[in-house]
A.B. asks: 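I have a structure I would like to understand better, so I am pasting it below and will then ask my questions one at a time.
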Amino acid sequence: MTDSVINLIHEVELNIFKQFRQLTSTLNINYIALGGTLLGAIRHQGFIPWDDDMDVGIPREDYERLLDLAPNILKNTHYFLQTPWSDSNYALSYAKLLDRNTFIEERNNVNNARKGIFLDIFPLDKIPASKERQRRQILDLRRLDSRIYLKLRYNIIDNPIRKFQNPLSPEQLQTAWEYKRQRQDTMTQFNKRPNLTVYKNLASQYAYDKELFTEDQLTNLIDLPFADTTIVAPADYDEILTNIYGDYMTLPPENARTEKHITRLIMDNQEFMV
């Protein structure tokens, strides 16, 4: 990816984030920076130079309130809150805020869901203390993910036959919807248990024990510089980042400094290959 293209993506990402931050302020919703976005804020005071997305997390109760109220706020904007419910072809278990003035193609992710430069918005849910229950929960989630991906025709590579496939029938979409509902029930099943105090991003790309949060980490928050603005993060960011990355201040080798998602971008009537 050339510097000019990644800078363009970062510019759009930052505008999406500012729209998201306005939503959370209007709705009085707390969020935190996650994963590479949190790492970027600490190590680079902004984006990781080769990163091509942003990640934030919201405790489930506020996350559901955002999904309920944000679409009405966004209706006269060029942003779209993509969820398993607002886009019937979308298979993932978390939300994305899309810039509808852009179109992207993603690496190893061919599907019929809406596409655009995006901000990932992850719900944070309580998890059980028992290792066996943790194992059962994540296995159930993976099984349901697989069924939804299959039903909604998610593929790693494009297949020319896909262009000749009929659209999914209402019955097929309804089956996918039912799987999505089962998946959400599985993710949220422990949230009403006051004795449980550990939260997790259950859609995390990292190993199960990597992206965990205590109640204190989700409530003791600070503002960090991020590019030309600020982003909210746990005050205990050092423990969180160390748990995920180890020595997080050391840059990875150059051959690992590659974008994760976008392979093709269209905006302002121009096409950019990444």
Side-chain angles (χ1 to χ4, degrees), residues 7 9-67 69-70 73 79 81 94-97 117-127 191 194 196-252 260:
N7 289 340
I9 292 171
H10 286 172
E11 180 181 346
V12 177
E13 288 276 0
L14 202 59
N15 287 333
I16 298 172
F17 168 69
K18 290 174 180 177
Q19 175 66 69
F20 166 79
R21 191 179 58 185
Q22 180 60 48
L23 285 172
T24 59
S25 176
T26 299
L27 299 173
N28 194 27
I29 285 173
N30 288 326
Y31 75 91
I32 59 170
L34 293 181
T37 300
L38 178 58
L39 175 59
I42 297 301
R43 196 172 66 195
H44 304 276
Q45 293 73 57
F47 290 97
I48 296 174
W50 54 90
D51 204 359
D52 59 3
D53 75 335
M54 290 186 72
D55 301 322
V56 295
I58 304 178
R60 174 65 72 167
E61 185 175 354
D62 275 352
Y63 172 87
E64 293 297 337
R65 194 154 60 87
L66 178 76
L67 266 54
L69 299 175
I73 300 172
Y79 296 103
L81 188 61
Y94 53 91
K96 292 176 181 283
L97 186 58
I117 295 178
F118 58 87
L119 167 77
D120 283 332
I121 308 170
F122 293 95
L124 304 176
D125 293 293
K126 287 185 176 182
I127 59 170
N191 285 350
L196 298 177
T197 59
V198 177
Y199 294 75
K200 176 172 174 54
N201 172 10
L202 286 163
S204 177
Q205 63 175 312
Y206 304 110
Y208 189 92
D209 61 348
K210 294 293 186 183
E211 207 163 10
L212 305 178
F213 307 92
T214 65
E215 288 183 340
D216 182 66
Q217 287 172 333
L218 294 181
T219 54
N220 186 10
L221 306 176
I222 58 174
D223 288 327
L224 294 173
F226 194 94
D228 66 358
T229 185
T230 60
I231 196 166
V232 176
D236 193 17
Y237 61 81
D238 180 69
E239 180 175 337
I240 293 167
L241 289 174
T242 300
N243 188 43
I244 297 175
Y245 301 107
D247 179 13
Y248 60 87
M249 293 302 289
T250 298
L251 292 173
K260 297 182 295 183

A.B. asks: In Å and rounded to the nearest 0.5 Å, what is the CG to OG1 distance from Leu224 to Thr229?
C.D. replies: 11.5 Å
A.B. asks: Where is the tightest heavy-atom contact between Phe226 and Thr37, given as atom of each residue plus distance?
C.D. replies: CE1-O, 3.7 Å
A.B. asks: Pair Tyr199, Phe213 - check ring-ring contact (aromatic ring centres under 6.0 Å, His included), show working.
C.D. replies: CA-CA 5 Å; Tyr199 294 75; Phe213 307 92; 8.6 Å; no
A.B. asks: Rounded to the nearest 0.5 Å, what separates atom CZ in Phe17 from atom OG1 in Thr24?
C.D. replies: 7.5 Å
A.B. asks: Might you work through the side chain to side chain contact (heavy atoms under 4.5 Å, CB included) test for Asp53 and Leu119, ending with a clear yes or no?
C.D. replies: CA-CA 6 Å; Asp53 75 335; Leu119 167 77; over 6 Å; no
A.B. asks: Could you point out which residue of Ile231, Leu124, Leu218, Leu221 forms a side chain to side chain contact (heavy atoms under 4.5 Å, CB included) with Tyr31?
C.D. replies: Ile231
A.B. asks: Quick one: NE2 on His10 to CD1 on Ile117, what's the gap to the nearest 0.5 Å?
C.D. replies: 10.0 Å
A.B. asks: Taking all heavy atoms of Leu97 and all of Ile16, pick out the closest pair and write down the distance.
C.D. replies: O-CG2, 3.5 Å
A.B. asks: Quick one: does any side-chain atom of Lys126 pair with a main-chain N or O of Leu196 as donor and acceptor, under 3.5 Å?
C.D. replies: yes
A.B. asks: Search all heavy atoms of Ala95 against all heavy atoms of Leu81 and return the closest pair with its distance.
C.D. replies: CB-CD1, 4.3 Å
A.B. asks: Is there a side-chain contact between Asp236 and Thr214 (heavy atoms, below 4.5 Å)?
C.D. replies: no
A.B. asks: Could you tell me whether the side chain of Glu211 and the main chain of Tyr208 form a donor-acceptor pair under 3.5 Å?
C.D. replies: no
A.B. asks: In Å, rounded to the nearest 0.5 Å, how long is the span from CG of Asn7 to CZ of Phe47?
C.D. replies: 10.0 Å
A.B. asks: Does the side chain of Tyr94 come within less than 4.5 Å of Ile121's, by heavy atoms?
C.D. replies: no
A.B. asks: Please give me the minimum heavy-atom distance between Met249 and Arg43, naming the atom from each residue.
C.D. replies: O-CD, 3.6 Å
A.B. asks: When you compare the side chain of Leu23 with that of Leu66, does any pair of heavy atoms fall below 4.5 Å?
C.D. replies: yes
A.B. asks: Answer yes or no: is there a donor N or O on one side and an acceptor on the other, between the side chain of Tyr63 and the main chain of Asp125, under 3.5 Å?
C.D. replies: no
A.B. asks: Looking at every heavy atom in both Ala207 and Lys200, which two are closest together, and how far apart are they?
C.D. replies: O-NZ, 4.0 Å
A.B. asks: When rounded to the nearest 0.5 angstrom, what is the spacing between CD1 in Ile240 and CG in Leu34?
C.D. replies: 8.5 Å
A.B. asks: For atom CG of Asp247, decide whether the heavy atoms of other residues, nucleotides or ligands shown that lie under 6.0 angstrom number more than 12.
C.D. replies: yes
A.B. asks: Show your working on side chain to side chain contact (heavy atoms under 4.5 Å, CB included) between Leu39 and Ile48 and close with a plain yes or no.
C.D. replies: CA-CA 8 Å; Leu39 175 59; Ile48 296 174; 3.8 Å; yes
A.B. asks: State, with a plain yes or no, whether a side-chain heavy atom of Leu202 is found less than 4.5 Å away from one of Ile127.
C.D. replies: yes
A.B. asks: Between Arg65 and Glu61, is the closest basic N to carboxylate O distance under 4.0 Å?
C.D. replies: no
A.B. asks: Look only at the side chain of Tyr206 and the backbone of Tyr245, and say whether a donor-acceptor pair between them is shorter than 3.5 Å.
C.D. replies: no
A.B. asks: Main chain of Thr230, side chain of Arg21: is a donor-acceptor contact present, judged purely on distance under 3.5 Å?
C.D. replies: yes
A.B. asks: Before accepting this row, confirm whether a basic side-chain N of the pair Lys18/Asp228 lies closer than 4.0 Å to the acidic partner's carboxylate O.
C.D. replies: yes
A.B. asks: Identify the heavy atoms of Ala33 and Leu38 that sit nearest to each other, and give their distance.
C.D. replies: O-CB, 3.8 Å
A.B. asks: I would like to know whether Ile73 and Leu27 meet side chain to side chain contact (heavy atoms under 4.5 Å, CB included); could you show each step before the answer?
C.D. replies: CA-CA 10 Å; Ile73 300 172; Leu27 299 173; 4.0 Å; yes
A.B. asks: Drop me the distance from Asn201's CG to Lys210's NZ, to the nearest 0.5 angstrom.
C.D. replies: 14.5 Å
